[in-house]
Amino acid sequence: QVQLVESGGGLVQPGGSLRLSCAASGSALENYKVAWFRQAPGKEREGVACIFRYGTSTVYPDSVKGRFAISRDNAKNTAYLQMSSLKPEDTGVYYCAAETGPFCTGMDPVQYDYWGQGTQVTVSS
């Protein structure tokens, strides 16, 4: 029903900033909660941000809290992940995901029905 396409990844130095975009099509993004996940080689996919379907409440793990910010612009059918104070440990493929449930409970990848193709983020000097 909804298709997602990420963009904005690239190479950034430690301490730098990057903004990722997740463009939705096929359905209104306002009908979904949206989350961002990342996966490094040899590691499990982990959730880094989630925004509720209704309102603007957000959820972050301790590893990114205070550095990452998820937002949505329903008029543009796009969600964003603003990343700052980036660390080498933030390196990985970043995916956006969507699900029709209203709340961000657990950020388990299996709970999300719709996924983008991923965009590479590399933090290195």
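We use all heavy atoms of the structure for the numbers below, so side chains are in, but hydrogens, waters and symmetry mates are not. We're numbering straight along the sequence, starting at 1.
Closest non-hydrogen pair, P14 versus S125, comes out as CD-N, 3.7 Å. Listed here is the closest heavy atom pair of A79 and V34: CB-CG1, 3.8 Å. Here the shortest heavy-atom pairing between A69 and Y60 reads CA-OH, 3.2 Å. Summarising the geometry of G118 relative to V93, their closest heavy-atom pair is CA-CG1, 3.8 Å, with the distance given to 0.1 Å. V59 approaches C104 most closely through the heavy-atom pair CG2-CB, 3.8 Å. When all heavy atoms are compared, the tightest approach of M83 to L86 is CB-CD2, 3.8 Å.
Side-chain contact between C22 and Y80 is absent, with no heavy-atom pair separated by less than 4.5 Å. The shortest distance between side-chain heavy atoms of I70 and W36 falls below 4.5 Å. S124 places none of its side-chain heavy atoms less than 4.5 Å from the side chain of P88. When side chains are defined from C-beta on, E30 does not count as touching N77, because their heavy atoms never get closer than 4.5 Å. The side-chain heavy atoms of L4 and Q117, taken from C-beta on, include no pair separated by under 4.5 Å. Inter-residue side-chain proximity for Q3 and S25 is flagged as met; some heavy-atom pair is nearer than 4.5 Å.
L18 and L81 fall within the same hydrophobic cluster, where Ile, Leu, Val, Met, Phe, Trp and Tyr residues are linked whenever their side-chain heavy atoms come under 4.5 Å apart, directly or through other members. Connection of V121 to W115 is not established within any shared hydrophobic cluster, with ILVMFWY side chains joined at heavy-atom distances below 4.5 Å, either directly or through further cluster members.
Taken from CD1 in I51 to OG in S57, the straight-line distance is 8.0 Å, to the nearest 0.5 Å. Here the CD atom belonging to Q82 is positioned 12.0 Å from the CZ atom belonging to R67, to the nearest 0.5 angstrom. Expressed to the nearest 0.5 Å, how far CD of E46 lies from OG of S63 amounts to 5.0 Å. Of the inter-residue distances, the one linking C96 atom SG with E6 atom CD reads 4.0 Å to the nearest 0.5 angstrom. Interatomic distance, CZ of R38 versus CD of E44, reported as 14.0 Å (0.5 Å rounding).
Of the possible polar contacts, one joining the R72 side chain to the L29 backbone as a donor-acceptor pair under 3.5 Å is found. A donor-acceptor pair under 3.5 Å is absent between the side-chain atoms of S17 and the main chain of S84, judged by distance alone. Proximity of a side-chain donor or acceptor of K33 to a complementary backbone N or O of F103 within less than 3.5 Å is detected. The main-chain N or O of N31 is found under 3.5 Å from a side-chain atom of R53 such that the two form a donor-acceptor pair. Remark: the backbone N or O of T122 is not paired with any side-chain donor or acceptor of D90 at under 3.5 angstrom.
Using a cut-off of 4.0 Å between Lys/Arg side-chain N and Asp/Glu carboxylate O, D62 and K65 are scored as salt-bridged.
Checked by atom type, the side-chain pair Y32/E99 shows no donor-acceptor distance below 3.5 Å.
Here the options are F68, Y112, Y95, Y94, the test is ring pair (Phe, Tyr, Trp, His ring centres under 6.0 Å), and the partner is F37; only Y112 passes.
The environment of CD in Q1 is sparse: at most 12 heavy-atom neighbours from other residues, nucleotides or ligands sit within 6.0 Å.
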